[in-house]
Amino acid sequence: MTVFGATPLHHSYRELGEQFYSDQLPTPVAAPGLIRLNDALAEQLNLSVAALETDEALLALAGNAVPEGICPIATVYAGHQFGGWNPQLGDGRAILLGEVLAKDGKRYDIQLKGPGQTPYSRMGDGRSPLGPVLREYIVSEAMAALGIPTTRALAAVTTGEIVFRESAQPGAILTRVAQSHIRIGTMQYFSARDDVESVQALADYVIERHYQDAVEKIIKDTGTDPYSALLTCVVEAQARLIAQWMAVGFIHGVMNTDNMLLCGETVDYGPCAFMDAYNPNKVFSSIDTQGRYAYANQAEIGRWNVSWLAQALLPLMADEQDEAISKAEVILGNYIVIFTETYQQLFAEKLGFAQSHLSENNSSPNTVVENNAEVHQLSVELLQLMATAKSDYTLTFRTLTDYLAPEGERHFLNKLMTLPDTFQDWLQRWQALLAKHNVDRATAHTLMLNKNPSYIPRNHLIAAAIEQASQHQDFGLFNQMVDVLARPFEYREENKIFAMPPQPEEEVKQTFCGT
Ligand code: AMP
Ligand code: MG
């Protein structure tokens, strides 16, 4: 038995060709120590938890030993960072060990984040401080539990070494799992070099790995080419992903094209955060001084990012450039349609309206559109009230859920939050609209309980967990947060502090890149 299961890891990405990577071994660390293993994820990945708990596995997770048969690589990419083109990026502090075939039949990357320098490290040390590793573990696992596509955290280890940033901090390594780490920026790297052959090889690989069935269906239905179909799939995945972020109040913070995965998973939990008080212009990243990646800008930035994927794929989409451009324009035009549809549907559900309510009685397509527009208007008005009242985003939706609950089942309304008087008129109109669409309170309540989490990874608690771990080697709060956030929709009185917003003095105003 090997560390990563009964079979050695696969290296399909490495087999694509030398232009895509550099062979790179991790650099051993002084004293590996296990922080946490994600048993549930290990099982989904077909990995043996018993094998991962061994000392041999700890050495592999820290990069001190490379199990037999594994050929670790650092992958190359480029990207637009804050709108500016950078022709040469890559895994500067990450090494891909290989891929596993999971129980769902899909292939997943196993990557070490923070394992030492690579050819793409530029001036960096290739290491991660403990704080960003804990932040990524907590937030990425919380996203997964919320049902939002994301990279996962399989393990976190300490290195026994110090990493120097603004101050000296303990070092750590995260084992990250993704459906793949191929980015829009990976396509851009080859496109910028006019290496159409590599763009095509990569596109074929992405289709086979992530979108085989969907691409075949699009080709069958529309007669288009495979690369236009691939663009259609990625556009849809990004549009849906960003709508899902917004529905839970998530701000990614660094939506550079090198941080957007073609598989549609959220990646790079550097300066990200879930909002406390609702503010559409909220920015968390300390380096985002222009507000480029503010909460409400995310949809538009997503569109800008996928347009760079289109640019890279153009030479494959048609022989004539004009034809390729008109195909790309149609597909990119769909981005905002898919985003808007998803966004409106998610917000309707947050308010208790299932799509079936809005399209009942064989209503005509026009009626469905009108019904959706009416509910959308209601959610816009709610968000305006929330912005004015500076209401806590998560707590407001969860308190509204309680508003429909039987008296004895209310844990939020008038306990954790009192709805402001300014909401009274809106509350009446909301209930009238539920009645108009024949949605009874119990049905709406059940739907809302499944769509409005009690627990999100609160920034002030992440900061406290990081401080306890970094200053006192105490991982208690970190572990508790990971456990509570694994069931974000199940409220328990004993976990009340995880549902509460920060006191003014606890509020975290900025987060920093995971460097
Ligand atoms: P990010 O802002 O996290 O997306 O990182 C941008 C680029 O900088 C990527 O190519 C990273 O691999 C690289 N990078 C960030 N931090 C480090 C570090 N500490 N050492 C080496 N490379 C790094
Ligand atoms: Mg990155």
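Just so you know, ligand 1 is whichever comes first in the structure, and atom 1 is the first atom listed for that ligand.
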Which is closest to atom 19 (N) of ligand 1 in terms of heavy atoms, D125, D258, D91, N86?
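Of the listed residues, D125 has the closest heavy atom.
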Just go through R93, Q88, R127, K113 and tell me whose heavy atom is the nearest to atom 3 (O) of ligand 1.
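Nearest option to atom 3 (O) of ligand 1, by heavy atoms: R93.
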Exam field: side chain D288 to backbone R292, donor-acceptor pair closer than 3.5 Å
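Yes, the answer is positive, given that a donor and an acceptor are paired below the 3.5 Å cut-off.
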Verify whether the ring centers belonging to F82 and Y293 lie closer than 6.0 Å.
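Yes; Y293 has its ring centre under 6.0 Å from that of F82.
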For the residue pair Y189 and F20, is the inter-centroid distance of their aromatic rings smaller than 6.0 Å?
no
Near [X], which atoms of ligand 1 are under 4.0 Å from a heavy atom of that residue?
{"X": "L89", "answer": "7 (C), 10 (O)"}
{"X": "G126", "answer": "18 (C), 19 (N), 20 (N), 21 (C)"}
{"X": "Q81", "answer": "6 (C)"}
{"X": "N259", "answer": "4 (O)"}
{"X": "G90", "answer": "9 (C), 10 (O), 11 (C), 12 (O)"}

Return the [atom1] to [atom2] distance between [X] and [Y], rounded to the nearest 0.5 Å.
{"X": "D392", "Y": "M500", "atom1": "CG", "atom2": "CE", "result": "10.5 Å"}
{"X": "E265", "Y": "I148", "atom1": "CD", "atom2": "CD1", "result": "12.5 Å"}
{"X": "Y108", "Y": "Q44", "atom1": "OH", "atom2": "CD", "result": "7.5 Å"}

Name whichever N, O or S atom of D268 ends up nearest to the Mg ion (ligand 2).
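When I compare the N, O and S atoms of D268, OD2 is nearest to the Mg ion (ligand 2).
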Is the Mg ion (ligand 2) less than 2.8 Å from at least one N/O/S atom of N256?
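Looking at N256, which is the residue asked about, there is no N, O or S atom under 2.8 Å from the Mg ion (ligand 2).
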Hey, is R36 close enough to D483 for a salt bridge, meaning N to O under 4.0 Å?
yes
Using heavy atoms and a 4.0 Å limit, tell me yes or no: is [X] in contact with ligand 1?
{"X": "R122", "result": "yes"}
{"X": "Q117", "result": "no"}
{"X": "G270", "result": "no"}

Of all heavy-atom pairs between G291 and V283, which one has the smallest distance, and what is that distance?
CA-CG2, 3.6 Å
Side-chain donor-acceptor contact under 3.5 Å, Q345 with E349:
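A pair is found: one side chain offers a donor N or O, the other an acceptor, under 3.5 Å apart.
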Regarding ligand 1, does V254 bring an N or O atom to under 3.5 Å of one of the ligand's N or O atoms?
no
